[in-house]
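Quick notes on the structure that follows.
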Amino acid sequence: MSQTMTPPSAAAPADPKLSRRLSRRQGLFAPDLMKTALVQSFIMLRPDIQWKNPVMFVVEIGTGLSILYTVAKAFGYPSVASLGYLIALDVWLFLTVLFANFASALAEARGKAQADALRKTRQETPAYRLFKREDAQHVLNEFDGSHDERVEETASTRLREGDCVVVRAGQTIPGDGEIVAGVASVDESAITGESAPVIREAGGDRSGVTGGTRVLSDGIVVEITARPGKSFLDRMIALVEGAIRQRTPNEIALSLVLAAFTLIFLIVTVALWPMARHTELYMQTHLGKEVRSLGTDIPTLIALLVCLIPTTIGALLAAIGIAGMDRALRANILAKSGKAVEVAGDVDTLLLDKTGTITMGNRRATRFVPLGELSAADVGALASLASAADQTPEGKSIVELHRRMEDAAALGTLPTGARFIEFTAQTRMSGIDLPDGRVIRKGAADAVVRYIQQQDGTLPPRLQEQVDGVASQGATPLLVCEGNRIAGLVVLEDILKPGISERFERLRRMGLRTVMVTGDNPLTAKHIAAQAGVDDYIAQATPEAKLAYIRQEQQSGKLVAMMGDGTNDAPALAQADVGVAMNSGTQAAKEAGNMVDLDSDPTKLIEVVEIGKQLLMTRGALTTFSIANDLAKYFAIVPALFASTLPWLKAIDVMHLHSANSAILSAVIFNAIVIPLLIPIALKGVKYRPVGADALLRRNLLIWGLGGVIVPFIGIKLIDVVLSAIL
């Protein structure tokens with residue numbers, strides 16, 4: 001039988017390095033992205049698009065009115081302002097709107113570039129569909145790509161949910177699904193960007209595969225779990241290009257606040273025109289002075305409004321939200337909504353699986369301990385029989401350890417009629433019922449003890465002492481029983497990941513509480529929790545226990561994040577405020593979570609929290625800067641507007657700008673150019689440091705609050721110097 005089969009050219013897999021060419025690897029201002037964003041900036045001037053951003057919509061309307069006023073001035077309408085001044089004002093007001101559009105367009109262009117690259121990995125591939133699922137294992141062993149009555153060749157686009165397909169080495173997996181038979185090395189670089197292949201196998205929590213990835217060795221039978229057009233890759237494309245991006249609750253709330261600020265300043269600015277006009281008439285009538293101020297010019301009042309409303313954050317708000325999801329994707333985390341990324345920044349409690357997250361990986365059987373007349377080899381034989389149907393990594397390691405024992409008897413072929421008892425999270429036992437009447441069970445110590453007691457059996461002396469002794473050393477004891485007697489212990493051991501304690505300390509400095517979730521007994525869980533440095537642990541965790549713990553935390557007002565990969569994790573993932581499912585996990589887990597980790601790295605939860613905090617910090621920092629810099633613009637414009645009619649305003653003219661026209665124009669120019677200058681910060685995010693909330697607040701107020709006051713004073717003064725030299 002041929003172990004590899006060269007697929008037809010139509011099924012040639014995507015370039016394994018394609019994802020490395022995605023825009024996630026491009027710079028912020030790549031030429032192709034800049035060109036796309038610039039074109040989109042003009043398209044976004046349409047009122048039906050612009051009105052979604054109330055702040056910039058007001059600026060756009062004001063710009064239109066100012067342009068009409070300038071045209072009227074050109075045709076003889078009387079105005080105190082010169083035509084050159086009005087034209088310059090119109091240009092910079094228009095650029096303010098354009099720069100704001102450019103910020104959002106650039107963020108969206110980066111997402112669309114990623115989506116375009118991902119589309120290239122989606123192609124129609126041949127699929128070998130099984131007529132009967134029961135034939136999966138037999139076909140997998142025998143099928144070599146030639147004609148087979150049990151298999152039909154079809155196109156990937158014609159597959160439906162529930163179809164089973166055979167995928168051998170060199171072939172592209174035709175659709176999302178779960179492996180029901182076989183084990184294979186899979187190249188997921190087209191999705192994750194990582195060139196190292198991963199192992200995917202039937203059973204356990206590493207059975208999920210994604211359409212568009214490629215099998216490198218061996219073969220698998222995959223049950224399709226997604227309809228055409230609804231695959232993981234399709235949803236990923238839609239998400240990264242922003243087609244279904246919804247504004248988060250915080251973003252909506254901030255938009256309402258900005259709209260309220262805009263309305264208040266609009267009312268104030270509109271009221272200034274009759275006040276200025278009345279002052280002019282009063283001075284002309286009662287004082288005999290012919291005085292004209294810029295306060296009666298519509299474009300100047302519009303300039304005042306634009307400079308006083310929070311245009312900076314209004315221009316960058318959408319870009320910040322889009323960039324947050326983009327940063328998550330750069331970390332190979334697919335967020336199903338912006339809300340998930342945002343909530344991650346406010347998480348209080350993290351639930352982390354012990355195996356693969358805190359420890360190096362799956363526990364492995366290291367020794368068999370007899371508890372009676374039997375030898376270690378006899379205990380190993382019984383444990384191997386009990387693990388024959390156990391597809392968990394621990395169960396497989398028991399069979400492997402027994403085979404390596406020098407004095408172990410070969411198990412041979414199991415007798416016909418043997419009934420396997422599979423391991424479940426509820427029973428926490430597995431086993432086998434042999435035709436000769438022998439009943440063998442293996443599982444967690446408390447579960448096996450309960451089982452023996454139900455069978456009216458007797459427990460060996462000092463059993464609990466020996467179980468506790470193994471558990472106190474950080475290992476996991478499993479009991480093996482035959483009938484109603486306990487034969488011995490299986491010792492499973494874990495190894496902590498290097499540097500995991502330091503990572504938990506880092507989370508603690510961020511104000512997060514870490515909880516280890518494990519199916520181990522309390523003694524083992526306590527020992528490993530103490531070694532790793534977690535704040536709490538859930539021992540002998542069942543799906544119900546995880547769900548109850550999350551609900552308990554939420555009822556006390558806390559936000560909870562959890563990572564999982566198995567079907568039994570789905571209820572907890574759905575309940576958690578941030579549920580991160582691993583891409584290698586089951587379809588149920590991926591559907592339940594609101595994020596998917598493409599790398600299937602259990603420690604990624606830490607990066608998720610940092611990305612969320614960075615998003616919140618960036619939005620808060622730029623909001624603080626935007627509101628703070630209004631102060632400088634107030635001192636620049638207001639004295640210039642009314643200096644001729646209200647001489648006492650000279651007292652607040654602390655900037656001593658060259659002229660009224662220069663002052664107003666300088667403020668408008670600064671207000672416009674600060675937007676593109678802040679685009680890199682909006683897209684890359686403010687650097688996050690794992691310190692307490694009080695320290696972060698002080699730091700942001702110092703840098704962005706005080707900086708938002710000082711920078712505009714300096715910037716406006718420099719622009720005024722340049723303008724005075726030109727004029």
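Being a predicted model, the structure only gives us computed values, none of them experimental.
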Notebook entry, point to check: Which atom names give the shortest non-hydrogen contact between N101 and Q50, and what distance separates them?
Noted result: OD1-OE1, 3.1 Å
Check: Can you tell me how far the CZ atom of R513 sits from the CG atom of L351, to the nearest 0.5 Å?
Finding: 9.0 Å
Next item on the list: Please confirm whether the backbone N or O of Q531 pairs with a side-chain atom of S501, one donor and one acceptor, at under 3.5 Å?
Entry: yes
Margin query: Can you tell me how far apart CZ (R364) and NZ (K396) are? Round to the nearest 0.5 Å.
Written below: 11.0 Å
Notebook entry, point to check: Mind checking what makes salt bridge (charged side-chain N to carboxylate O under 4.0 Å, His left out) contact with D535, not counting sequence neighbours?
Noted result: R508
Next item on the list: Give the minimum heavy-atom separation between V341 and A328, together with the two atoms involved.
Entry: CG2-CB, 4.4 Å
Margin query: Quick one: does any side-chain atom of N53 pair with a main-chain N or O of G314 as donor and acceptor, under 3.5 Å?
Written below: yes
Check: Do side-chain atoms of S556 reach the backbone of E553 as a donor and acceptor pair under 3.5 angstrom?
Finding: yes
Check: Which atom names give the shortest non-hydrogen contact between Q540 and P522, and what distance separates them?
Finding: NE2-CD, 3.6 Å
Next item on the list: Let me see the working for L701 and L706 under side chain to side chain contact (heavy atoms under 4.5 Å, CB included), right down to the final yes or no.
Entry: CA-CA 6 Å; L701 287 177; L706 186 60; over 6 Å; no
Next item on the list: With sequence neighbours left out, write down each residue that passes side chain to side chain donor-acceptor pair (under 3.5 Å) with T311, or none if nothing qualifies.
Entry: N671
Next item on the list: Supply the atom-to-atom distance I611 CD1 to L616 CG, rounded to the nearest 0.5 angstrom.
Entry: 12.5 Å
Checklist line | Derivation and outcome, side chain to side chain contact (heavy atoms under 4.5 Å, CB included), residues I220 and R200 | finding: CA-CA 9 Å; I220 50 178; R200 296 287 178 259; 5.8 Å; no
Notebook entry, point to check: Do side-chain atoms of D348 reach the backbone of L559 as a donor and acceptor pair under 3.5 angstrom?
Noted result: yes
Checklist line | pair M563-L350: side-chain heavy atoms closer than 4.5 Å | finding: no
Notebook entry, point to check: Any side-chain heavy atom of T623 sitting closer than 4.5 Å to one from P310?
Noted result: no
Checklist line | Atom of A319, atom of L683 and distance for their closest heavy-atom approach | finding: O-CD2, 4.2 Å
Note to self: Taking salt bridge (charged side-chain N to carboxylate O under 4.0 Å, His left out) as the cut-off, I'd like each qualifying pair that reaches into residues 570-580, sequence neighbours left out, listed once.
What the structure shows: none
Check: Can you tell if the side chain of R619 reaches within under 4.5 Å of the side chain of L615, non-hydrogen atoms only?
Finding: yes
Check: Can you list the residues that meet the side chain to side chain contact (heavy atoms under 4.5 Å, CB included) rule with A574, with sequence neighbours excluded?
Finding: A592
Item checked: Partner residues of T225 under the side chain to side chain donor-acceptor pair (under 3.5 Å) criterion, sequence neighbours left out -> Q587
Checklist line | Side-chain ion pair, R503 and E607, N-O less than 4.0 Å | finding: yes
Check: In chain order, what residues pass the salt bridge (charged side-chain N to carboxylate O under 4.0 Å, His left out) check against E178, with sequence neighbours excluded?
Finding: none
Notebook entry, point to check: Rounded to the nearest 0.5 Å, how far does CG of L478 lie from CG of L492?
Noted result: 4.5 Å
Note to self: Counting C-beta onward and ignoring hydrogens, is there a side-chain heavy-atom pair between I681 and W704 closer than 4.5 Å?
What the structure shows: yes
Notebook entry, point to check: Would you say M429 and R450 make side-chain contact, with heavy atoms under 4.5 Å?
Noted result: no
Margin query: Using side-chain heavy atoms (C-beta onward) and a distance below 4.5 Å, is V560 in contact with R551?
Written below: no
Check: By side chain to side chain donor-acceptor pair (under 3.5 Å), which residues pair with K613, not counting sequence neighbours?
Finding: none
Checklist line | Worked check of side chain to side chain contact (heavy atoms under 4.5 Å, CB included) between V578 and V608 | finding: CA-CA 9 Å; V578 178; V608 170; 4.2 Å; yes
Checklist line | Derivation and outcome, side chain to side chain contact (heavy atoms under 4.5 Å, CB included), residues V515 and T349 | finding: CA-CA 7 Å; V515 180; T349 305; 3.8 Å; yes
Notebook entry, point to check: About how many Å separate CG of L677 and OG1 of T312, when rounded to the nearest 0.5 Å?
Noted result: 10.5 Å
Notebook entry, point to check: Any side-chain heavy atom of P54 sitting closer than 4.5 Å to one from T262?
Noted result: no
Notebook entry, point to check: Considering residues at least two apart in sequence or located in another chain, which fulfil the side chain to side chain contact (heavy atoms under 4.5 Å, CB included) criterion with T618?
Noted result: I320, R327, Q614, L622, V686
Next item on the list: State, with a plain yes or no, whether a side-chain heavy atom of M56 is found less than 4.5 Å away from one of M44.
Entry: no
Check: Should we count OH of Y549 as having more than 12 external heavy atoms under 6.0 Å?
Finding: yes
Item checked: Non-neighbouring partners of Q552 that pass side chain to side chain contact (heavy atoms under 4.5 Å, CB included), sequence neighbours left out -> none
Note to self: Please enumerate all residues that pass salt bridge (charged side-chain N to carboxylate O under 4.0 Å, His left out) together with E544, with sequence neighbours excluded.
What the structure shows: none
Check: When rounded to the nearest 0.5 angstrom, what distance separates CD1 in I627 from CZ in F261?
Finding: 4.5 Å
Next item on the list: Grab the two heavy atoms, one from M617 and one from R699, that are nearest each other, plus how far apart they are.
Entry: CE-NH1, 4.2 Å
Checklist line | With D346 via side chain to side chain donor-acceptor pair (under 3.5 Å) - residues at least two apart | finding: none
Check: Any idea which heavy atoms bring A103 and L316 closest together, and the distance?
Finding: CB-CD2, 3.7 Å
Note to self: Test of understanding: with side chain to side chain contact (heavy atoms under 4.5 Å, CB included), list the residues that count as partners of A475, not counting sequence neighbours.
What the structure shows: V470, V491, E493
